[in-house]
Amino acid sequence: MTEKNVSHTKWMKRAIFLACLGKNTTSPNPSVGAVILDKTGKLISEGFHYKAGMPHAEAMAFNNLEKDAKGGSMYVNLEPCCHQGKTPPCVDKVISSGIRKVYISIQDPDKRVSGKGIKLLKEAGIQVHLGLCRKESLDLNKAFIHRNISKKAFGVLKWAMSIDGRIGLKNGKSKWITNEESRSLVHSFRAEFDAIIIGGNTLRKDNPILTTRGLKTPEPLRVVFTKSLDLPSKSNLWDCNNAKTIVIYDSSTANESYLTRIPKCVEVEKVSSDNPELISKILARRGCNKVLWECGPRLATAAIQSNCIQEIITFIAPKILGGENSMNPLGDFEFEEMHEIIKLSDSQVNLIGNDICVKSSFKN
Ligand SMILES: NC(=O)c1ccc[n+]([C@@H]2O[C@H](COP(=O)([O-])OP(=O)(O)OC[C@H]3O[C@@H](n4cnc5c(N)ncnc54)[C@H](OP(=O)(O)O)[C@@H]3O)[C@@H](O)[C@H]2O)c1
C-alpha cells in the first residue's frame, strides 16, 4: 500500500469510528461518519449522525467547519443522500462547499439514493472514489442494508443453554442457566436492537421484562407474537412506563375475546398467519433495522425456517441439565441427510466468566 493509500484508509477509518458513535441510535437510518480535510490535507472538520431527524454526518461536519473547505476532500462511509428527507440533501452541501474529492466507502442501498448521490457529485465535477474500507462499512451497516434490500428486519436469535445443550427443564424452569455476568451482558447487548421478540409461551412461563435496564432510551420495542392470544392479564410487559410493548397475533387462530386482558397502553396488531416473516416485515416498516429474537424453541425454529434470522448468539454455561425431555434450543427441521443441515459461519467466541458466548452468522 502506498503512503497516499495509507492516509486515505486512515481518514476513512476515522469516519467509520465517528459513525460508530451513533451505532445504536440511528434506526431507521444508517450509522454514518464524515471527515473534511482542507486542500493541504489538514483535518478541518468531522461529524456523525446520531439520530433520525438530527443532522446527517456530512451536515454536522459542515456545521463544525473551522475554515473554508474549498479544494478540500471528504471521507464518508456511506454515499451522501440526494433526497429531501427529514433533513436537506447532503449532496447539495458537498457541491456548494467547493470540495474537490469525495471518498465514499459504500453505495447507499436506499433506492432513493443508490448511485444517484455519486452521479450528482460526479456531474458537478467532483472526483469520487468508491470502495475504501468497504468490508468494515458493510459490516457496520449490515442491518440497515439488510432491511433496505429484503424489507425485513435483520434478525439475531439468542438463547442461553447448558453444556449439554438444554435451555430449560422439562417443567419449563430455566432460571438461571447462565451466570450473572452473562445476564447483565445481555441487558447491554439489547441496546443494539430496535425490538425484542418473544412468543406467547415465553411470556406465560417466564414473565420477562426484556429491557436494557435503562441503558438505552427509548428502550427497544417489546414484541409478543401469539397464535392463541391466550395471554395473562398481569405481565411485566404490560407495564409501559419504561418500554413500549406490541402484541401481534395471528387472526386466523386467535380468540379475540382475550384482547380485553391486554391494557390500553399496549399496541395490538393482527396478521393473517403465524409466519414469523410477517413480524419481521412489520418491524422493518416501523423502521427497525435490527431485532433480537429471545424466543423459545418453537418460535425460534419457525423464525429460522422463514429466513428471519441472520445471526445466532448462544451463551453456554458449564452446567448439566440432562434428561431426554429437557428443552432444546430448537425444534425439528426434519433433516434426513447431513448435507441438509444448517451450517453457520464467521464464529466469534468469548469467555464470560465461566460461560462461553458464541456468535455465528447464517450464510444468506
Ligand atoms: N434459555 C433460553 O434462552 C430461553 C429463551 C426463551 C425461552 N425459553 C424457554 O422456552 C419455553 C417456551 O418455548 P416456546 O417454544 O413455547 O417459545 P415461545 O417463545 O413462547 O414461542 C412459541 C409461542 O409463540 C407463538 N407463535 C406464534 N407464531 C408461531 C409459530 N409460527 N410457531 C411457533 N409458535 C408461534 C405461540 O404463542 P401462543 O401460545 O400464545 O399462541 C407459541 O406458543 C419457556 O419455558 C422458556 O422458559 C428459554
Side-chain angles (χ1 to χ4, degrees), residues 155-179 182-183 185-187 189-190 195-210 222-233 235-237 245-259 261-262 266 268-283 291-309 312-317 319-321 323 325-333 352 355-358:
V156 178
L157 172 63
K158 183 230 109 188
W159 70 74
M161 67 180 188
S162 59
I163 206 150
D164 57 337
R166 309 298 193 180
I167 63 159
L169 298 173
K170 69 175 174 196
N171 59 14
K173 289 186 181 162
S174 62
K175 284 180 181 168
W176 297 108
I177 291 176
T178 48
N179 65 33
S182 294
R183 294 192 321 262
L185 189 72
V186 169
H187 298 154
F189 166 68
R190 284 180 185 147
I196 302 170
I197 305 158
I198 57 163
N201 206 26
T202 295
L203 182 139
R204 288 188 291 271
K205 296 254 186 216
D206 295 358
N207 191 17
I209 302 172
L210 299 182
R222 300 174 297 189
V223 184
V224 185
F225 192 21
T226 170
K227 297 206 283 193
S228 65
L229 252 181
D230 188 3
L231 304 175
S233 50
S235 156
N236 286 322
L237 296 199
T245 302
I246 178 168
V247 171
I248 303 180
Y249 69 93
D250 172 0
S251 61
S252 70
T253 47
N255 178 345
E256 289 183 327
S257 70
Y258 293 141
L259 282 169
R261 296 179 188 168
I262 302 170
V266 172
V268 176
E269 185 157 347
K270 59 179 164 187
V271 286
S272 56
S273 82
D274 67 353
N275 188 341
E277 192 180 62
L278 298 171
I279 304 285
S280 193
K281 284 185 173 163
I282 287 176
L283 295 176
V291 300
L292 180 63
W293 295 76
E294 287 203 45
C295 44
R298 287 185 300 143
L299 185 52
T301 307
I304 290 177
Q305 284 170 326
S306 55
N307 292 326
C308 292
I309 306 298
I312 289 186
I313 304 223
T314 320
F315 288 85
I316 306 163
K319 290 175 188 163
I320 293 172
L321 269 62
N325 296 322
S326 291
M327 276 189 288
N328 290 312
L330 294 168
D332 198 350
F333 291 93
I352 322 288
D355 292 349
I356 302 162
C357 177
V358 184

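Numbers here are sequence positions counted from 1. Below, each value reflects all heavy atoms present in this structure, side chains not excepted, and no hydrogens, waters or symmetry copies. Each ligand, and each atom within it, is numbered from 1 in the order the structure gives. Quick caveat: nothing in here was measured; it's all calculated off a predicted structure.
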Legend entry - A160 touching ligand 1 at heavy-atom level, < 4.0 angstrom: yes
Inset, instruction - Would you mind running through ligand 1 and noting each atom that sits below 4.0 Å from a heavy atom of N201? - result: 12 (C), 16 (O), 20 (O), 23 (C), 43 (O)
Inset, instruction - Below 4.0 angstrom from a heavy atom of W159, which ligand 1 atoms are there? Numbered from 1 as shown, please. - result: 3 (O)
Legend entry - ligand 1 contacted by R204 (non-hydrogen, < 4.0 Å): yes
Legend entry - Whether D230 lies under 4.0 Å from ligand 1, heavy atom: no
Legend entry - Test side chain to side chain contact (heavy atoms under 4.5 Å, CB included) applied to W159 and I167, I313, I177, the passing residue: I167
Inset, instruction - Quick one: look up the protein heavy atom nearest atom 29 (C) of ligand 1 and list residue, atom name and how far away it is. - result: L299 CD1, 3.7 Å
Inset, instruction - Answer yes or no: is there a side-chain heavy-atom contact under 4.5 Å between I279 and C308? - result: no
Inset, instruction - Would you mind finding which of A303, A302, S174 brings a heavy atom closest to atom 32 (N) of ligand 1? - result: A302
Inset, instruction - Using distance alone, decide if ligand 1 has a nitrogen or oxygen within less than 3.5 Å of any nitrogen or oxygen in G199. - result: yes
Legend entry - Atoms of ligand 1, numbered as shown, that sit under 4.0 Å from any heavy atom of G172: 45 (O), 47 (O)
Legend entry - Within-cut-off N or O pair, K158 and ligand 1, under 3.5 Å: no
Inset, instruction - Only heavy atoms count here, so choose which of R298, K205, R166 is nearest to atom 44 (C) of ligand 1. - result: K205
Legend entry - Nearest candidate to atom 12 (C) of ligand 1, where distance is taken over non-hydrogen atoms, out of D274, T202, I279: T202
Legend entry - Residue T226 vicinity, atoms of ligand 1 by number, heavy atom under 4.0 Å: 37 (O), 38 (P), 40 (O), 41 (O)
Inset, instruction - Provide the number and element of each atom of ligand 1 under 4.0 Å from a heavy atom of C295. - result: 5 (C), 6 (C), 7 (C), 19 (O)
Inset, instruction - Nearest heavy atom to atom 36 (C) of ligand 1 wins, so pick from E294, K227, Q305. - result: K227
Legend entry - SB check R261 D230 (cutoff 4.0 Å): yes
